[in-house]
Amino acid sequence: MKQLKLATRQGEKRTVIDVKGVAVGKDFVVIAGPCSVESEEQTLQTALLVKEAGAQMLRGGAFKPRTSPYSFQGLGLEGLKILEKAAKITGLPVVTEVVDPRDVHWVCEYADVLQIGTRNMQNFALLKEVGKANKPVLLKRGMYSSLKEWLYSIEYILNEGNPNVILCERGIRTFETYTRNTLDMSAVPAMKALSHLPILIDPSHATGRAEMIEPMSLAAVSAGADGLMIEVHPDPSVALSDNAQQLNFDQFRKLMNKIKQLVAFHKQLNQEAQEAAHEVR
Ligand code: PEP
Ligand code: MN
């Protein structure tokens, strides 16, 4: 593709991103936590549970890019301080969204990974700012964006000097209304062919339905995704945002058991395939 120099794959080499010892792009990673940081109790409880269930990173929004200005906008700095405490207690690295270029430098003091949400995938001022930051970036696909446009957004970040970009497919807009978005699972093999960067699936925002998180998570493992981002809440029915799609603790625990087994199965399959290829040679 014209004018893409850094985002596209050159040869077989894939980028592995180290987030405080978690090797994104090498080991399968699960990032889990609430849609929004609502209180210290809700966040700490969730952080402890997702850690115990086997997640590698904690998510939580302190700045919420809501469709309506009257919806809960997040706790801001207070939310970041709660995430910091949860990270300290659990040892989990924290992924949190930044929505304003002016906030990037100080959000870096609290976040281990800076998330750029779907609505900001083409906010070029924000992309340039996180491109200058010394923290990895999790770049979600714009809900109306083609893979080519996503690649150009990645290029904006890499071109500023930050090589650590994790991709996340979170569903795109189609004519379908049953699901919140349409999960484009084919983005996984496509972006693996086009780019050298790791790619995650977010089944929570892609479907908007708690009962669809398990089948789509397992499908993501089989599609070759490098990990998942899943919303979890102690009591989703009272969540201040995205209450239809967050998993409760019991649902998340059960899902993690299945994910671990399927990841192990795929590892074995790949090993066997590699050994067979070796024997042929
Ligand atoms: C989120 O992950 O908190 C979020 C707002 O997701 P998206 O940008 O994909 O809607
Ligand atoms: Mn959400």
Side-chain angles (χ1 to χ4, degrees), residues 29-38 42-43 46-47 50 55 57-69 71-76 79-80 82-83 93-100 103 107 110-123 126-127 130 136-145 149-150 153-154 165-174 179-185 187 191 199-210 212-213 216-217 220 225 227-248 252:
V29 295
V30 176
I31 303 171
C35 178
S36 304
V37 175
E38 298 171 7
Q42 167 246 14
T43 305
T46 311
V50 302
M57 287 194 232
L58 175 68
R59 65 148 286 142
F63 296 97
K64 297 306 298 177
R66 305 304 297 282
T67 301
S68 162
S71 299
F72 176 61
Q73 302 285 307
L75 297 181
L80 293 176
I82 293 172
L83 286 170
V94 161
V95 183
T96 197
E97 183 163 354
V98 58
V99 295
D100 188 320
D103 295 337
V107 172
Y110 298 89
D112 298 302
V113 176
L114 299 167
Q115 179 173 325
I116 303 292
T118 192
R119 293 160 187 82
N120 276 319
M121 192 206 83
Q122 287 189 315
N123 180 338
L126 185 58
L127 297 179
V130 297
V137 176
L138 187 147
L139 179 66
K140 287 196 157 189
R141 179 182 182 180
M143 63 180 96
Y144 303 107
S145 302
E149 287 162 336
W150 199 3
S153 292
I154 298 164
V165 180
I166 303 162
L167 310 178
C168 181
E169 160 66 40
R170 48 79 69 206
I172 51 174
R173 282 282 168 91
T174 65
T179 46
R180 184 175 180 186
N181 292 284
T182 295
L183 176 51
D184 179 10
M185 198 64 87
M191 287 306 265
I199 177 165
L200 314 182
I201 288 288
D202 169 354
S204 306
H205 294 89
T207 65
R209 288 173 165 266
M212 294 179 84
I213 308 306
M216 292 300 97
S217 296
L228 291 159
M229 179 183 250
I230 300 171
E231 288 188 340
V232 182
H233 192 283
D235 183 359
S237 68
V238 299
L240 296 181
S241 55
D242 290 350
N243 57 9
Q245 71 192 33
Q246 302 202 59
L247 295 184
N248 65 32
F252 183 68

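Each ligand, and each atom within it, is numbered from 1 in the order the structure gives. Given the structure is predicted, the values throughout are model-derived calculations rather than measurements.
- Remark: minimum distance from atom 8 (O) of ligand 1 to any protein heavy atom is reached at Thr118 N, 2.9 Å.
- Looking only at distances, a side-chain donor or acceptor of Thr96 sits under 3.5 Å from a matching main-chain atom of Gly60.
- The backbone N or O of Val37 sits nowhere less than 3.5 Å from a side-chain atom of Gln42 that would complete a donor-acceptor pair.
- Shortest contact from atom 4 (C) of ligand 1 to any protein heavy atom: His205 NE2, 3.5 Å.
- Considering backbone and side-chain atoms together, Asp202 places no N or O closer than 3.5 Å to any N or O of ligand 1.
- Contact annotation: the side chain of Met212 never approaches that of Pro203 to less than 4.5 Å [non-hydrogen atoms, C-beta and beyond].
- Using a 4.5 Å heavy-atom cutoff, the side chains of Glu97 and Ile116 are not in contact.
- At the top of the distance list for atom 6 (O) of ligand 1, counting protein heavy atoms only, stands Lys140 NZ, 2.9 Å.
- Screening Asp202, Asn120, Thr118 against Lys140 for a side-chain hydrogen bond (donor to acceptor under 3.5 Å, both in side chains) leaves a single residue, Asp202.
- Listing protein N, O or S atoms at distances below 2.8 Å from the Mn ion (ligand 2), with waters left out, gives Cys35 SG, His205 NE2, Glu231 OE2, Asp242 OD2.
- Using a 4.0 Å cut-off between a side-chain N of Lys or Arg and a carboxylate O of Asp or Glu, Arg141 and Glu149 do not qualify as a salt bridge.
- The protein atom (non-hydrogen) at minimum distance from atom 5 (C) of ligand 1 is Glu97 OE1, 3.7 Å.
- Side chains of Gln245 and Arg180: a donor on one and an acceptor on the other come within 3.5 Å.
- Regarding atom 9 (O) of ligand 1, its nearest protein heavy-atom neighbour is Arg170 NE, 2.6 Å.
- Annotation: side chain of Tyr110 is not in contact with side chain of Ile82 (no heavy-atom distance under 4.5 Å).
- Ligand 1 has Gln115 within reach: a non-hydrogen atom of the residue lies less than 4.0 Å from it.
- Of all atoms in ligand 1, listed by their number and element, those nearer than 4.0 Å to a heavy atom of Gly117 are 8 (O).
- Here the side chains of Ile230 and Ser217 are in contact, with some heavy-atom distance below 4.5 Å.
- In this structure, the side chains of Asn181 and Arg173 come closer than 4.5 Å at one or more pairs of heavy atoms.
- Regarding atom 3 (O) of ligand 1, its nearest protein heavy-atom neighbour is Arg59 NH2, 2.8 Å.
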